[in-house]
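Structure first, then comments.
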Amino acid sequence: MSAVTGSLSAGEKFDTLVSLMQRLRSHDGCPWDREQTFDSIKPYTLEETYEVFDAIDRRDWQALSEELGDFILQAVFYAQMAAEEDHFTIADSLDAINRKLVNRHPHVFADGGARTSGEVKQRWDEIKKAEKGTAELPMLDAVLRTQPALAEAQQMTQKAASVGFDWASPQQVLDKLDEEREELSRAVTPADVEHEIGDLIFVLVNLARKHNVDSEQALRAANRRFRTRFGHIEESLRRQGKTWPETNLEEMDRLWNEAKASRSAS
């Protein structure tokens, strides 16, 4: 197969990727690729998803370009395995998403009207419900149990809030947070502590939602701040020729605040 060149269209390059995966899965292809199953590939899909998130968070566009390629490969890999078992092909997947985009945007591709993003979202949900038929399923069944727990909690509470099961204001959520903190302070057994910490985190997710904050992304941002500030402590000690046993919490706290102040000023 000839090398992929910049003169090819996106569609032609996608065809090349599909052909490459077919070859890798063939009897004279790659032993590792041939051995993979739907279940064995799932961890890589999750890993690639978070690598896309990381590139976006860092605004590293070159990395994002490469990570999106890896991300697209996951879909092609699954579709190739499905084609081998005569379930469907990648063309069927592309047909499905193209139909979905057209059907759920009547304000763009037909004569439907939608002036705001809120109206678009409402119409999208109505069309999605109609596509899935009239059978009523438990509302929370639409929320995946296998996704990160923070995202699952936020989606569940959004579903519940859509039918009126919600606090009226962020202040009421803060009051509930105080209640859960008090219950945690009274927890005795490890199981009780775990239970109450779970409730406390769940309320925090609701507080984030009431402020239109994505709790998963908020925590990822907090993780990045921790990395930066802790890295400043480590680098400062290295420049002083100190090791961890040669410092103390007071000095580490001073360096932490130094990093925090420097970040705030920038």
Side-chain angles (χ1 to χ4, degrees), residues 39 42-54 56-58 136-234 236-237 243-264:
D39 290 322
K42 286 194 299 184
Y44 298 103
T45 305
L46 186 61
E47 178 182 330
E48 296 300 346
T49 299
Y50 280 108
E51 289 182 355
V52 167
F53 287 171
D54 180 62
I56 293 172
D57 290 343
R58 292 185 289 109
E136 286 292 332
L137 296 174
M139 182 177 293
L140 297 186
D141 278 8
V143 179
L144 291 177
R145 293 174 170 85
T146 53
Q147 63 183 314
L150 286 178
E152 180 188 10
Q154 186 139 350
Q155 290 179 23
M156 286 195 300
T157 59
Q158 286 171 340
K159 291 281 187 183
S162 71
V163 295
F165 189 70
D166 194 14
W167 286 278
S169 69
Q171 183 56 51
Q172 290 182 343
V173 188
L174 285 170
D175 293 339
K176 182 64 175 177
L177 189 64
D178 288 337
E179 177 186 323
E180 294 296 345
R181 288 169 56 191
E182 178 61 27
E183 291 181 6
L184 176 59
S185 70
R186 297 196 302 268
V188 177
T189 69
D192 289 340
V193 171
E194 179 181 344
H195 179 107
E196 298 302 340
I197 287 178
D199 287 349
L200 192 63
I201 295 171
F202 195 85
V203 174
L204 283 171
V205 170
N206 276 278
L207 184 61
R209 176 181 56 80
K210 295 296 283 187
H211 285 286
N212 295 316
V213 170
D214 185 298
S215 54
E216 179 77 16
Q217 295 306 313
L219 183 57
R220 287 175 61 82
N223 289 344
R224 290 196 303 275
R225 290 193 296 273
F226 186 88
R227 283 180 183 271
T228 299
R229 294 169 187 174
F230 190 81
H232 175 77
I233 296 173
E234 192 169 23
S236 296
L237 293 177
T243 62
W244 292 109
E246 293 171 330
T247 188
N248 53 48
L249 182 57
E250 181 180 1
E251 181 177 19
M252 287 189 283
D253 195 47
R254 179 183 62 77
L255 291 171
W256 172 277
N257 289 328
E258 180 180 282
K260 184 177 181 180
S262 174
R263 189 69 175 178
S264 299

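Owing to the predicted nature of the structure, the values given are computational and were not obtained by experimental measurement.
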### Separation of N223 CG from Q217 CD (nearest 0.5 Å)
10.5 Å
## Note on the structure
Scanning both residues in full, the closest heavy-atom pair of E216 with A151 reads OE1-N, 4.0 Å
### Message
If you define the side chain from C-beta out and look only at heavy atoms, does anything of W244 sit under 4.5 Å from E234?
### Response
yes
### Task
Supply the atom-to-atom distance S169 OG to L174 CG, rounded to the nearest 0.5 angstrom.
8.5 Å
### Query
Can you tell if the side chain of L150 reaches within under 4.5 Å of the side chain of I201, non-hydrogen atoms only?
yes
### Message
Distance check, rounded to the nearest 0.5 Å: F202 atom CZ versus M156 atom CE?
### Response
4.5 Å
## Note on the structure
Between T49 and T45, the two heavy atoms sitting closest are OG1-O, 2.8 Å
### Query
Distance from N206 atom CG to Q172 atom CD, nearest 0.5 Å?
12.0 Å
### Query
Going through the checks in order, is the salt bridge (charged side-chain N to carboxylate O under 4.0 Å, His left out) test met by E250 and R254?
CA-CA 6 Å; E250 181 180 1; R254 179 183 62 77; over 6 Å; no
### Query
Do L237 and T243 have side chains that get closer than 4.5 Å, going by heavy atoms?
no
### Task
To the nearest 0.5 angstrom, please state how far the OG atom of S262 sits from the NE2 atom of H232.
7.0 Å
### Query
Between R186 and E182, is the closest basic N to carboxylate O distance under 4.0 Å?
yes
### Query
Are any non-hydrogen side-chain atoms of E258 and L255 less than 4.5 angstrom apart?
yes
#### Entry: Heavy-atom closest contact (L184 atom, V193 atom, distance)
CD1-O, 4.0 Å
### Message
Is the ring pair F226/F230 parallel, tilted or perpendicular, if the boundaries are 30 and 60 degrees?
### Response
parallel
Show which side-chain atoms of residues 142-149 pair as donor or acceptor with protein atoms under 3.5 Å away, not counting sequence neighbours.
residue : atom : partner : partner atom : Å
Q147    : OE1  : Q155    : NE2          : 3.0
Q147    : NE2  : L144    : O            : 3.1
Q147    : NE2  : Q155    : OE1          : 3.1

### Message
With a 4.5 Å cut-off on side-chain heavy atoms, are E183 and D192 touching?
### Response
no
### Message
Under the rule for salt bridge (Lys or Arg N to Asp or Glu O under 4.0 Å), what residues qualify as partners of D166, not counting sequence neighbours?
### Response
R209, K210
### Query
Looking at Q154 and D214, what are the two nearest heavy atoms and their distance?
NE2-CA, 3.7 Å
## Note on the structure
Taken to the nearest 0.5 Å, the spacing of L207 CG from Q171 CD works out to 9.5 Å
### Query
Is any side-chain heavy atom of K42 less than 4.5 Å from a side-chain heavy atom of D39?
yes
### Task
List in chain and number order the residues that pass ring-ring contact (aromatic ring centres under 6.0 Å, His included) with W167, two or more places apart in sequence or in another chain; answer none if no residue qualifies.
none
### Message
Would you say CZ of R181 has more than 12 non-hydrogen atoms from neighbouring residues, nucleotides or ligands within 6.0 angstrom?
### Response
no
### Query
Can you tell if the side chain of Y50 reaches within under 4.5 Å of the side chain of R220, non-hydrogen atoms only?
yes
### Task
Check whether any side-chain N or O of E251 sits under 3.5 Å from a backbone N or O of T247 as a donor-acceptor pair, and report yes or no.
no
